[in-house]
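The model shown is predicted, which means the values in this text are computed figures rather than measured ones. Counting starts at 1 for both ligands and their atoms, in listed order.
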Amino acid sequence: MLSAKQTRESFKEFFASKQHQIVPSAPMVIKGDPTLMFTNAGMNQFKDIILGNVPIKYPRVADSQKCLRVSGKHNDLEEVGHDTYHHTMFEMLGNWSFGDYFKKEAIEWAWEYLVDVLKLNPERLYTTVFEGSEAEGLERDNEAAGYWEKFLPADHILNGNKKDNFWEMGDAGPCGPCSEIHIDLRSAEERATVDGATLINKDHPQVIEIWNLVFMQYNRKADGSLDPLPAKVIDTGMGFERLCMALQGKTSNYDTDVFQPIIQKIAELTGSRYGENVQKDIAMRVIADHIRTISFSITDGQLPSNAKAGYVIRRILRRAVRYGYTFLDRREAFMYKLLPALIETMGDAYPELIDQQVLIEKVIKEEEESFLRTLETGIRLLDKKMEEAKAAGQNNVRGVDACTR
Ligand code: SER
């Protein structure tokens, strides 16, 4: 079985063997792009190349990119922890072609990597193609469908609408039709009872998208119109944690070696066991997810603060503290003690975690302590208001009383 580390390496090796330049992940925190606070996709660092604003350095590139989807067009925050396959921060494995190869090779290599190299069962794979949009004046992506037909039977090639099969970076910017690859990880019995094709894009936790192949052809302008790009671009993104789940035979991203060392450490520090109580499990997943986001954000120079990107990070940290407080009975800072476990899982791919461990621990500890104080005070005040209301024979606390001392 491939470990997470081996999986990440195998992706890079495969695309290096197809003459791709392997580049480092860009920072997760973006400075200097007014349309975006955080990297939400692997293609962000190539936006100016895609738009033709800067010259192409390498026509073929691949990497593993740290992404964060907690604001703007791509925002998964509320699902995180409650389900088993969304994250705030995640790694996106991607390959790009800037004016070089296009749909045919992108599809053939995706298939070769998943089926020939990783040995995923092709019977469990489905793909979707853009069905077209009259409003945009765009036709069905018959070209992509034609390439998929070489590998998949017709009932595994499904049409998808603009929401799922026309990828856009934000309200403006590069975009184009896409083909998503989905995998059905359910048991053989379940697969025999319910056809996997009926569960694609239906939020089933074991029938999930793993890879998105975007065929970038347009730039969405601020007025909503589409301009052709100077050169056609391939932009693919594969969810690393989901791929690890599929390869490790698990049904939750959190059961893979990407998250288990962190979850086990949370269990140890809180005297709980993962897998015994639904609410505690959610809390442990929230904390395991959020500690990654907060730590990587700090290494990228974005500390929690009261404004903009810093405030998003502070809110994520506070979300984790709240779950720890409410469901794991944590009254003292403890998340900062998870750094060694995080380093164990990601330190060698991202050595900045090791270099900045002391700073990360210090910042998180201070934030935890300060928010725990605020939380205690707030809860005490609310309890007092509730008692006063009860003594006055009321069942409700007025909104205005909940907001004032
Ligand atoms: N940009 C696409 C995505 O984020 C593919 O990389 O899904």
Tell me whether the centres of the aromatic rings in F215 and W167 are closer together than 6.0 Å.
-> no
Residue among Y101, F46, F102 satisfying ring pair (Phe, Tyr, Trp, His ring centres under 6.0 Å) with W96 = F46
Does R60 make a cation-pi contact with F15, if we ask for NZ or CZ under 6.0 Å from the ring centre and within 45° of the axis?
-> no
Salt bridge (Lys or Arg N to Asp or Glu O under 4.0 Å) partners of residues 40-53, not counting sequence neighbours, each pair once | D33-K47
F327 ring centre to K280 NZ or CZ under 6.0 Å, with the angle to the axis within 45°?
-> no
Parallel, tilted or perpendicular: ring planes of Y323 versus H82, cut at 30 and 60 degrees = perpendicular
Pairs under 3.5 angstrom, nitrogen or oxygen on both sides, ligand 1 versus protein: list them out, please.
residue, atom, partner, partner atom, Å
ligand 1, 1 (N), D235, OD2, 2.7
ligand 1, 4 (O), R69, NH2, 3.0
ligand 1, 6 (O), D235, OD1, 2.8
ligand 1, 6 (O), T236, O, 3.3
ligand 1, 6 (O), G237, N, 3.1
ligand 1, 7 (O), W167, NE1, 3.4
ligand 1, 7 (O), N212, ND2, 3.1

